[in-house]
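What follows is a short report on a single structure.
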Amino acid sequence: MKVLLIGNGGREHALAWKLAQSPRVTELFIAPGNPGTSEVGENVPIGVMEFDKIEKFVKEKSIGLVVIGPEDPLAAGLADRMDALGVKVFGPSKEAAQLESDKWFAKELMRHQSVPTAEARSFSDAHAAEEYVKVHDGPCVIKAAGLAKGKGVTICYRTADALEAIDKILRHRAFGSASERIVIEEMLSGPECSLLAFVDRKNIYVMESAQDHKPVDDGDTGPMTGGMGAYSPTPVITDAMISQIERDILVPVLDGLARENIEFKGVLYAGLMLTTNGPKVLEFNCRFGDPETQPLMMRLKSDLLEVMLAVAEGRLDKVDLQWDPRPALSVVATSRGYPGSYPTGMPITGLKNADAMPDVKVFHGGTKRDGDKVVTDGGRVLSVTALGKNIAEARNRAYKAIEQIHFDGMHYRKDIGHQAVR
Ligand code: AMP
Ligand code: GLY
């Protein structure tokens, strides 16, 4: 079967690497891909939002399955377009993708379905939002309601921080069209966990647990990013909690969508905080997480194409996935300045040495080829991922490998997995 994967991040390199291992994949195309994906498939120079070109390519090549990695094309309806063509697609419709693309839609659905989540209010008027935070003195979390690449969240301990965040988002439109509305939430506390599930309308298959690290600096300090590192599984969550989350969160959310005649197929990702009052939802994503996918794909032993086809064809109940019991951990190397503005075009050295280490895989994100060199081309440049007999070993391996790699302005957190190692 010919497969087209849409995207060019670390997540897509990990998905491409795993899909290429399937004996049933005859050709793998990645649009637009990156230097990492070109090692396991054929990159096609089509952007993730160039739907007409994607459609033409799918027809010309008789693609059997389209896998959509990132949220932007999902939110803009690429899955619907592929569906209308009669091509199998892995990824939810535009309507279902609102769970991620509109945080207020997600909040209202959760409220309706009594799904545990932070209390929240929504505002599009800056003045009203300011009045609200002045009256509700105390910590809160302010989020751009639309898609902001993980950067649209500000933790506000003081009213002054909240006023600044409101100004930045609603008045200065810091996140473009994602800035039209904000959600102001109560601040929760507890360990965090990402739970990703394959969903095929009726069936839910929860994957192994993972934990992301969102703030840019060690000790969970500094601004929010798309993710600085992840590992799987995480000891912060027990099997009993996973069952509870499936029953009290995933099932009611899918029921809530179904009530509005919205079907979900693809990956439903719940970002959770494990509070003393039980697990609560921080956010939903309608796709694989980046960087959670990197350790998850290192651990997945089963054929990824088979499970994606099962999702696309609505027979997920027949699937049983095998996971490597060994943990995996991924450290993200970023460009100087990320999540703010950053330079690109910095030559990267040491990639081959790092990738050749046992049980290590270097996944490319923001990289590109420049002659015979690989150079930086984004904020999150690489995710260096390793398996180990325990988290400590996976972590040591990932850090030994990342130490082989250099580029000007390279930054990475030194404490990925700290909660698990402790
Ligand atoms: P989100 O993109 O909504 O998952 O938010 C990014 C990060 O902000 C999360 O991983 C949490 O660390 C933090 N966060 C989001 N919402 C809350 C909340 N209500 N209380 C405390 N922290 C939060
Ligand atoms: N790792 C967080 C995300 O993919 O949104």
Side-chain angles (χ1 to χ4, degrees), residues 7 9-12 14-15 69-72 74-75 97 99-104 106-107 110 116-121 136 138-157 161-162 165 169 175 178 182-196 207 209-217 219-232 234 236 266-277 279-296 330-332 334 339 363 365 379-380 383 413 416 419:
R11 164 186 52 217
E12 284 76 25
L15 294 175
E71 58 274 26
D72 288 328
L74 288 165
L99 270 186
E100 173 168 7
S101 65
D102 182 352
K103 285 183 190 286
W104 190 241
K107 274 285 171 204
M110 285 190 270
T117 183
E119 285 303 319
R121 291 277 305 266
H136 289 81
C140 68
V141 179
I142 299 192
K143 304 182 178 184
L147 295 177
K149 303 247 171 277
K151 304 174 197 172
V153 176
T154 315
I155 309 288
C156 306
Y157 290 99
D161 303 334
I169 306 175
F175 306 103
I182 57 170
V183 175
I184 305 184
E185 290 187 4
E186 76 176 303
M187 190 180 292
L188 303 174
S189 61
E192 280 183 52
C193 168
S194 307
L195 213 55
L196 284 71
M207 293 180 229
S209 63
Q211 194 180 35
D212 190 8
H213 300 63
K214 297 247 168 93
V216 71
D217 289 317
D220 289 322
T221 57
M224 293 291 172
T225 69
M228 295 297 293
Y231 65 94
S232 166
T234 168
V236 302
V267 169
L268 179 58
Y269 162 140
L272 302 157
M273 198 162 255
L274 308 174
T275 74
T276 47
N277 293 320
K280 293 193 178 180
V281 176
L282 298 177
E283 65 163 348
F284 284 116
N285 294 325
C286 62
R287 42 144 185 106
F288 278 103
D290 190 342
E292 292 94 327
T293 304
Q294 289 83 314
L296 284 171
S330 187
V331 183
V332 175
T334 58
F363 293 113
R380 290 193 294 166
S383 28
R413 277 181 61 163
I416 302 302
Q419 279 163 311

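Counting starts at 1 for both ligands and their atoms, in listed order.
Between Tyr269 and the options Asn285, Leu195, Leu99, a side chain to side chain contact (heavy atoms under 4.5 Å, CB included) holds for only Asn285.
Taking every heavy atom of both residues into account, Pro291 and Asp212 meet most closely at CD-OD1, 3.5 Å. Contact record, Arg121 with Trp104: C-CZ3, 3.9 Å, taken as the closest heavy-atom pair.
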- Task: Quick one: do Asp72 and Lys149 satisfy side chain to side chain contact (heavy atoms under 4.5 Å, CB included)? Show the steps, please.
- Result: CA-CA 9 Å; Asp72 288 328; Lys149 303 247 171 277; 2.8 Å; yes
- Task: Would you check, one step at a time, whether the test side chain to side chain contact (heavy atoms under 4.5 Å, CB included) holds for Arg287 with Val267?
- Result: CA-CA 5 Å; Arg287 42 144 185 106; Val267 169; 5.5 Å; no
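No side-chain heavy atom of Thr154 sits less than 4.5 Å from a side-chain heavy atom of Asp161. Proximity of Tyr157 to Met187: side-chain heavy atoms (C-beta onward) are separated by under 4.5 Å at one or more points.
Checked against side-chain contact (heavy atoms from CB on, under 4.5 Å), Glu186 has the following partners two or more places apart in sequence or in another chain: Ala118, Glu119, Leu188. Listed by chain and residue number, nothing satisfies the salt bridge (Lys or Arg N to Asp or Glu O under 4.0 Å) test with Glu192 (two or more places apart in sequence, or in another chain).
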If you look at each N/O of ligand 2, which protein N/O atoms lie under 3.5 Å away, and at what distance?
| residue | atom | partner | partner atom | Å |
| --- | --- | --- | --- | --- |
| ligand 2 | 1 (N) | Asp212 | OD2 | 2.7 |
| ligand 2 | 1 (N) | Gly226 | O | 3.3 |
| ligand 2 | 1 (N) | Asp290 | O | 2.9 |
| ligand 2 | 1 (N) | Glu292 | OE1 | 2.8 |
| ligand 2 | 1 (N) | Glu292 | OE2 | 3.3 |
| ligand 2 | 4 (O) | Arg287 | NH1 | 2.9 |
| ligand 2 | 4 (O) | Asp290 | N | 2.9 |
| ligand 2 | 4 (O) | Asp290 | O | 3.4 |
| ligand 2 | 5 (O) | Asn285 | ND2 | 3.2 |
| ligand 2 | 5 (O) | Arg287 | NH2 | 2.8 |

Which N or O atoms of ligand 1 sit under 3.5 Å from a protein N or O, and how far apart is each pair?
| residue | atom | partner | partner atom | Å |
| --- | --- | --- | --- | --- |
| ligand 1 | 2 (O) | Glu283 | OE1 | 3.2 |
| ligand 1 | 3 (O) | Lys103 | NZ | 3.4 |
| ligand 1 | 3 (O) | Lys143 | NZ | 2.9 |
| ligand 1 | 4 (O) | Lys214 | NZ | 3.3 |
| ligand 1 | 4 (O) | Glu283 | OE2 | 3.1 |
| ligand 1 | 10 (O) | Glu192 | OE1 | 2.5 |
| ligand 1 | 12 (O) | Glu192 | OE1 | 3.4 |
| ligand 1 | 12 (O) | Glu192 | OE2 | 2.3 |
| ligand 1 | 16 (N) | Lys143 | NZ | 3.0 |
| ligand 1 | 19 (N) | Glu185 | OE1 | 2.8 |
| ligand 1 | 19 (N) | Glu186 | O | 3.0 |
| ligand 1 | 20 (N) | Leu188 | N | 2.8 |

